[in-house]
Q: 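Quick one: structure below, then a few questions.
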Amino acid sequence: MAAITDEQVEAVRALVAAIPPGRVATYGDIADAAGLSSPRIVGWIMRTDSSDLPWHRVIRASGRPAPHLSTRQLERLRAEGVLADDGRVSLRDVRHTF
DNA sequence: CTTGTGACGCACT
DNA sequence: CAGTGCGCCACAA
C-alpha cells in the first residue's frame with residue numbers, strides 16, 4: 001500500500017500546525033511523524049493544499065527552505081525569532097522534535 | 001500506459 | 001561544504 005490517505009494528509013497538516021513559533025521542522029521529520037513513505041509527499045501536500053498552515057516553518061534537512069521561497073521564508077522565520085545565518089537556519093537550535 | 005516534473009533526503013565523490 | 005546520482009511518491013499531459 002503506497003497510496004496516500006486523507007489521514008496521512010491530515011496528520012501532516014496537524015504536525016505543521018503544531019509547530020510552535022520560533023521552531024521549524026524538516027520535511028523528513030514530518031513525513032516520518034505522519035507515517036509517510038517519502039518526504040516528497042510532504043512537499044506535494046504543501047504545494048497542492050495551500051491551507052492556512054504555517055508552511056513557512058517547514059524547511060529542508062539542509063536547514064534551508066526551497067530556493068524560490070528561501071528569501072521569503074527566512075525573512076518570515078526571522079520575524080518569529082528564527083535566526084538564519086547566510087540564508088541557512090541553525091537546525092540544531094530550531095529543529096522541532098515531535 | 002509512458003514520460004516529465006516537483007515545497008525532498010541520503011550516500012558518495 | 002558543494003555537487004552529483006539515485007530512490008521515493010503523486011500528479012498532469
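Lettering of chains follows the sequences in order, A, B, ..., and the numbering in each one begins at 1. The analysis underlying the following values was restricted to heavy atoms, covering all of them including side chains, and did not include hydrogens, waters or symmetry mates. All values reported here derive from a predicted model rather than from experimental measurement.
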Q: Expressed in angstrom and rounded to an integer, what is the separation of A:Ile41 atom CD1 from C:dG7 atom P?
A: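 That distance rounds to 17 Å.
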
Q: Figure out the CG/P separation between A:Asp86 and C:dC1, and round it to whole Å.
A: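 Distance, rounded to whole Å: 11 Å.
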
Q: Using whole Å, report how far NE2 of A:His68 lies from C1' of B:dT5.
A: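 These atoms are roughly 12 Å apart.
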
Q: Is the shortest side-chain heavy-atom distance between A:Trp55 and A:Arg57 below 4.5 Å?
A: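 No, every pair of side-chain atoms sits at 4.5 Å or beyond.
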
Q: In whole Å, I'd like the distance from the CG atom of A:Leu36 to the C1' atom of C:dC8.
A: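 Distance, rounded to whole Å: 12 Å.
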
Q: To the nearest Å, give me how far apart CZ (A:Arg47) and P (C:dC9) are.
A: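 Atom-to-atom, A:Arg47 to C:dC9, this comes out as 17 Å.
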
Q: Expressed as a whole number of angstroms, how long is the span from A:Ile4:CD1 to C:dC11:C1'?
A: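 One finds 13 Å between C1' of C:dC11 and CD1 of A:Ile4, rounded.
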
Q: Using whole Å, report how far CD of A:Gln8 lies from C1' of C:dA10.
A: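 The answer, rounded to whole Å, is 14 Å.
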
Q: Throw together a table of side-chain donor-acceptor distances under 3.5 angstrom for residues 61-69 of chain A, partners on residues two or more places apart or in other chains.
A:
none

Q: Looking at A:Glu80, A:Glu75, A:Arg72, which hits side-chain contact (heavy atoms from CB on, under 4.5 Å) with A:His56?
A: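 Only one option passes, and that is A:Glu80.
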
Q: Atom pairs under 3.5 Å, N or O on each side, protein against nucleotides 9-13 of chain B: can you list them with distances?
A:
unit_1: B:dG9; atom_1: OP1; unit_2: A:Ala61; atom_2: N; d: 2.8
unit_1: B:dG9; atom_1: OP2; unit_2: A:Ala61; atom_2: N; d: 3.2

Q: What distance do A:Gln73 atom CD and A:Thr71 atom OG1 have between them, rounded to the nearest 0.5 Å?
A: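 Between atom CD of A:Gln73 and atom OG1 of A:Thr71 there are 9.5 Å.
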
Q: Using distance alone, with no hydrogens and no angle criterion, decide if A:Thr26 and A:Arg95 have a side-chain donor and acceptor under 3.5 Å apart.
A: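 The criterion, which ignores hydrogens and geometry beyond distance, is satisfied for A:Arg95 and A:Thr26.
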
Q: What is the distance, to the nearest angstrom, from the CG atom on A:Asp32 to the C1' atom on C:dC9?
A: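 About 16 Å, once rounded to whole Å.
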
Q: Is there a path from A:Ile30 to A:Leu91 through hydrophobic residues (I, L, V, M, F, W, Y) whose side chains come within less than 4.5 Å of each other?
A: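 Hydrophobic grouping puts A:Ile30 apart from A:Leu91.
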
Q: Name the residue closer to the 5' end of DNA chain C, choosing between A:Thr48 and A:Arg88 according to the nucleotide with the nearest heavy atom.
A: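 Final value for this comparison: A:Arg88.
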
